[in-house]
Number of protein chains: 2
Amino acid sequence: MAVHLRPGEALRLWQDVAVTEARAGRPDLSMRQAAILLTIYLEPPPHTIRGLAARLNVSKPVITRALDMMGALKLVSRHRDESDRRNVLVKRTVEGALFVERFGDVIIACAKEPTTP
Amino acid sequence: MAVHLRPGEALRLWQDVAVTEARAGRPDLSMRQAAILLTIYLEPPPHTIRGLAARLNVSKPVITRALDMMGALKLVSRHRDESDRRNVLVKRTVEGALFVERFGDVIIACAKEPTTP
DNA sequence: CTTCTCCGTTCCGGAACCGTATCATTCCGG
DNA sequence: CCGGAATGATACGGTTCCGGAACGGAGAAG
């Protein structure tokens, strides 16, 4: 299941994807924000602010702010944990799932055929 | 030379790299900034502000600001084009080359064995 | 009930970034 | 020589983000 990737290919792939996303004029996510979004969509729930902060080794306000931003874009949603009302559970949305899926398509397309401008 | 990558692998790879970079506490580059840096280091010179702006489909000030930031980190350097002094040529630096190379290593490592925390 | 701990949010001053518009310098054609 | 085009930098007003500290609500322990 390991992916075989050589140095030149790895960097070229990253560049192609970054350029494609930049050109598309989509919201310019930082590496941190991407890490948060992908963690929510790729790792099994539940996701809490505390847990995400520990997973990414950043402070809690960083997570709160990122969720504010992504919430405004409807990429994630927040719900109180009714079993322990101190917690906030971060949930996925349809829009977010589409966004992530589309992003995956961009990566695969760039991996398949290097963009030659 | 095409890289074979399936949907799940592509997103998982991106997440692993993003999380690794976030945890490392390194400068949190946005997708745009990454696109600029990698374009400078992977595509053949010369690189001008105008050219980079057109390549990424963004405004010139975006490039100028990104270069200001990366210049402060010594990842790139600027030089007047002596043959046409209106142009500024963006050049690579030793530090920048190391930064990009190390980033490539992270990608390859994440591709090789998925991080299982 | 009181206290202590845990969780997420908000506040604060400062920094970075955005898009648009404008500026200074340089080149070039008439 | 002179006016226009091109290039990169800068000014401006507004938004977002940062790290660290403080805060309020909710559970746990006594």
Side-chain angles (χ1 to χ4, degrees), chain A residues 18-19 21-37 39-40 45-92, chain B residues 18-19 21-40 45-92 99:
Chain A
V19 169
E21 287 293 309
R23 293 191 63 89
R26 263 185 283 273
D28 186 29
L29 294 183
S30 73
M31 194 89 74
R32 278 184 179 183
Q33 295 167 335
I36 295 171
L37 186 65
T39 295
I40 294 169
H47 297 291
T48 66
I49 275 75
R50 184 92 182 150
L52 290 170
R55 178 82 171 84
L56 302 189
N57 197 30
V58 297
S59 67
K60 288 185 294 177
V62 167
I63 305 295
T64 293
R65 277 188 293 259
L67 293 183
D68 287 345
M69 185 269 238
M70 294 177 191
L73 295 176
K74 310 237 185 216
L75 298 180
V76 298
S77 66
R78 275 187 269 209
H79 304 276
R80 276 284 164 197
D81 179 354
E82 287 304 328
S83 75
D84 182 345
R85 298 186 49 77
R86 288 175 300 180
N87 292 335
V88 165
L89 301 178
V90 183
K91 304 255 186 158
R92 304 167 185 169
Chain B
V19 169
E21 288 292 310
R23 292 190 65 87
R26 263 184 283 272
D28 185 30
L29 295 182
S30 72
M31 192 88 76
R32 277 184 178 183
Q33 294 167 335
I36 294 171
L37 186 66
L38 291 174
T39 295
I40 293 169
H47 298 291
T48 66
I49 276 76
R50 184 86 182 158
L52 290 169
R55 178 82 171 82
L56 302 188
N57 199 28
V58 298
S59 65
K60 288 185 292 178
V62 167
I63 305 294
T64 292
R65 276 188 294 257
L67 293 184
D68 287 346
M69 183 267 236
M70 294 177 192
L73 295 176
K74 308 238 186 215
L75 298 180
V76 298
S77 65
R78 275 188 268 209
H79 303 276
R80 277 282 163 195
D81 179 354
E82 288 304 328
S83 76
D84 182 344
R85 297 186 49 78
R86 288 175 302 180
N87 292 336
V88 164
L89 302 179
V90 183
K91 304 255 187 158
R92 303 166 186 170
F99 183 91

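Every chain is numbered from 1 and lettered A, B, ... according to where its sequence line falls, protein lines coming before strand lines.
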Asks: Which whole-number value in Å describes the distance from B:I49 CD1 to D:dT10 C1'?
Replies: 14 Å
Asks: Measure from CG on B:L52 to P on D:dT7 and round the result to the nearest Å.
Replies: 13 Å
Asks: Choose from C:dC7, C:dT9, D:dT7 the nucleotide whose nearest atom is closest to any side-chain atom of A:R86.
Replies: C:dC7
Asks: Categorize B:T48 for me: base, sugar-phosphate, or nothing, with a 4.0 angstrom heavy-atom threshold over every strand shown.
Replies: sugar-phosphate
Asks: Hey, which sits more toward the 5' end of DNA chain D by its nearest nucleotide, A:V58 or B:K60?
Replies: B:K60
Asks: Grab the CZ-P distance between B:R50 and C:dC27 for me, whole Å please.
Replies: 17 Å
Asks: Does D:dG8 have OP1 or OP2 sitting under 4.0 Å from an N or O in the side chain of B:N87?
Replies: yes
Asks: To the nearest Å, give me how far apart CG (B:L73) and C1' (C:dA15) are.
Replies: 14 Å
Asks: Where is the tightest heavy-atom contact between B:S30 and A:D28, given as atom of each residue plus distance?
Replies: OG-OD2, 3.0 Å
Asks: Between B:T64 and D:dG8, is there a side-chain N or O to OP1/OP2 distance below 4.0 Å?
Replies: no
Asks: Using whole Å, report how far CG of A:D28 lies from P of D:dC17.
Replies: 11 Å
Asks: Name the closest nucleotide to the B:S59 side chain, picking from C:dG19, C:dG8, D:dA9.
Replies: C:dG19
Asks: With a 4.0 Å cut-off on heavy atoms, is A:R65 in touch with a base, just the backbone sugar-phosphate, or nothing at all?
Replies: base
Asks: Check every strand shown and say whether A:R80 touches a base, only sugar-phosphate, or nothing at a heavy-atom separation below 4.0 Å.
Replies: nothing
Asks: Can you tell me which nucleotide in D:dA9, D:dG27, C:dC18 comes closest to the side chain of B:V62?
Replies: C:dC18
Asks: What nucleotide among C:dC17, D:dT7, C:dT26 has an atom nearest to a side-chain atom of B:Q33?
Replies: C:dC17
Asks: Shortest non-hydrogen contact from A:R55 to A:T39?
Replies: CG-CG2, 4.4 Å
Asks: Starting from the 5' end of DNA chain C, give me the residue, B:P61 or B:E82, whose nearest nucleotide shows up first.
Replies: B:P61
Asks: Does OP1 or OP2 of C:dG19 have a side-chain N or O of B:R32 closer than 4.0 Å?
Replies: yes
Asks: Compare the minimum distances between each of C:dT9, C:dA21, C:dC27 and the side chain of B:D84, then state the nucleotide with the smallest one.
Replies: C:dC27
